[in-house]
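See structure below.
Keep in mind that this is a model prediction, so the values were computed, not measured. Sequence lines set the chain letters: A, B, ... in the order given, protein chains first and strands last, and positions in each chain run from 1.
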There are 2 protein chains.
Amino acid sequence: MQSYTEENYLKIIYHLSVISNPVQTNAIAERIQTKAASVTDMLKKLADKALVDYTKYQGVNLTQKGKLAAINIVRRHRLWEVFLVEKLNFKWDEVHDVAEELEHIKSNLLVERLNEFLDFPKVDPHGDPIPDKDGNFESLGFVKINQLKDNESGTIMGVSEHSTAFLKHLEKLGLILGKTIKLIEISAFDSSAELLVDQQYINISKELAKHILIKKLV
Amino acid sequence: MQSYTEENYLKIIYHLSVISNPVQTNAIAERIQTKAASVTDMLKKLADKALVDYTKYQGVNLTQKGKLAAINIVRRHRLWEVFLVEKLNFKWDEVHDVAEELEHIKSNLLVERLNEFLDFPKVDPHGDPIPDKDGNFESLGFVKINQLKDNESGTIMGVSEHSTAFLKHLEKLGLILGKTIKLIEISAFDSSAELLVDQQYINISKELAKHILIKKLV
DNA sequence: TTTATAATTTAGACAAATCTAAAAATTAAA
DNA sequence: TTTAATTTTTAGATTTGTCTAAATTATAAA
């Protein structure tokens, strides 16, 4: 069993390994709001427990065991987010900090009952997939807006960036979950994207576009 | 704001002060599964924070501030117990450990939304009253079985002992929440109580009787 | 390829909460 | 009321997770 802190490290390493492999000490330090020296200490400890493969100065990768533990935390986090939004009427940008605490409650019974109570949701309020008990994700086949071809349409299914600033900005633009959009064209000049949303043409930056997940209309 | 551990101490001291005033070091140590020396250390710390009045060798009492903090934890604990039983179908003897963790989640919004979601419950699954946001209990006016007079009837509204063994035993006897019972008589010999439950006469020990809360029939 | 810069690690210290063993205070018993 | 038993406290050590400052390794630039 891992401590609260160890769980947080595993989760962060898991998220960061999507972007880079292996994961660097400084990247973890920044995300976990701590100093690089502290990260080094923890990495040694996690390596001792066979949760990560760690080579000095080279960064870390999760072992199979570590990955499973991490996915389990992600599962709990996302289930709690669904609960907060659907049952307690939290807004999607209010859930993160509370879910961050709830994810560490240790009780398999609790998680399974919660899953049942929520009717086995497949995605969280941000559109991120919820892994099952064994750590498997259902393949969702989403693409980012900047990967759409001109004139292709689709539905907003999620985001790949979770900062409050980003989410609030999206909401202001009317780019909320479930909304159907059409990509008119990507600018050759600055790669910004012109969209048709609610019969209105809007222009969003590439930075925004690449974090919005779309399910293409067939 | 208090740490997880400080919150636990406050809660235990609160529960123990119902029985004895002031609360002794050893009593706390036993309940919190730790050594008396550790308790002494923590009491000094809580005294520094003005959460308890502590005099060496004399035990502690909660200050007004400490009491309010403690009641708040009790409030969260009992709300979560209602959630676990009513929404997630936990049995009343399964809830305690999980609620013990959930009670420490720090978010006023969460607690208030949960309260609303549960439709403002007044008691938890054991019949214990749930204090409101300001720490006030609704007066419930319950008595213990051994305080009933011969031939008085009433409804089981709660228990004042929460061990799994005790709760399972009650369930076996059919003495569940909401059940109506009639006290036939208290034995002059061993103070055991003869009850009429479901048209059946049963005999329970004084130890059992004094932990069952009854709302008298008018 | 040497130098400079950036990233990472080590060494030693610290705070929170705990422990053991010994000392001190309180309470109960003779 | 002196002694014995119990309770509580102190002193010093330990564990977990963190920190600063200095040393080391890796990477980029000249």
Nearest-Å distance for atom pair [atom1]/[atom2], residues [X] and [N]:
X: B/Glu7; N: C/dA16; atom1: CD; atom2: P; value: 16 Å
X: B/Lys49; N: C/dA16; atom1: NZ; atom2: C1'; value: 10 Å
X: B/Tyr4; N: C/dT18; atom1: OH; atom2: P; value: 12 Å
X: A/Asp48; N: D/dT16; atom1: CG; atom2: P; value: 11 Å
X: B/Ile28; N: D/dT7; atom1: CD1; atom2: C1'; value: 13 Å

Should A/His126 and A/His96 be marked as a ring-ring contact (aromatic ring centres under 6.0 Å, His included) after you check the CA-CA gap, both sets of side-chain angles, and the distance that decides it?
CA-CA 10 Å; A/His126 308 96; A/His96 195 266; 7.3 Å; no
Report yes or no: do [X] and [Y] form a side-chain donor-acceptor pair below 3.5 Å?
X: B/Glu101; Y: B/Trp80; answer: no
X: A/Thr5; Y: A/Glu7; answer: no
X: B/Glu207; Y: B/His211; answer: no

Counting just side-chain N and O atoms, does A/Thr34 come under 4.0 Å of either OP1 or OP2 of D/dC19?
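It does, given that an N or O in the side chain of A/Thr34 lies less than 4.0 Å from OP1 or OP2 of D/dC19.
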OP1, OP2 of D/dT18 versus side-chain N and O of A/Tyr9: anything below 4.0 Å?
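Yes, within the criterion.
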Indicate yes or no: at least one non-hydrogen side-chain atom of A/Phe90 is less than 4.5 angstrom from one of A/Phe83.
no
Under the criterion side chain to side chain donor-acceptor pair (under 3.5 Å), which of A/Arg76, A/Arg78, A/Lys11 is the partner of A/Glu103?
A/Lys11
Under-3.5 Å N/O pairs linking protein and nucleotides 8-11 of chain C:
residue: C/dT8; atom: OP2; partner: A/Asn26; partner atom: N; Å: 2.8
residue: C/dT8; atom: OP2; partner: A/Asn26; partner atom: ND2; Å: 3.4
residue: C/dT8; atom: O3'; partner: A/Tyr57; partner atom: N; Å: 3.4
residue: C/dT9; atom: OP1; partner: A/Tyr54; partner atom: OH; Å: 2.4
residue: C/dT9; atom: OP1; partner: A/Tyr57; partner atom: N; Å: 2.8
residue: C/dT9; atom: OP2; partner: A/Thr25; partner atom: OG1; Å: 3.0
residue: C/dT9; atom: OP2; partner: A/Thr40; partner atom: OG1; Å: 2.9
residue: C/dT9; atom: OP2; partner: A/Tyr54; partner atom: OH; Å: 3.4
residue: C/dT9; atom: O5'; partner: A/Tyr54; partner atom: OH; Å: 3.4
residue: C/dT9; atom: O4'; partner: A/Tyr57; partner atom: OH; Å: 3.4
residue: C/dT10; atom: OP1; partner: A/Lys56; partner atom: NZ; Å: 2.8
residue: C/dT10; atom: OP2; partner: A/Lys44; partner atom: NZ; Å: 2.8

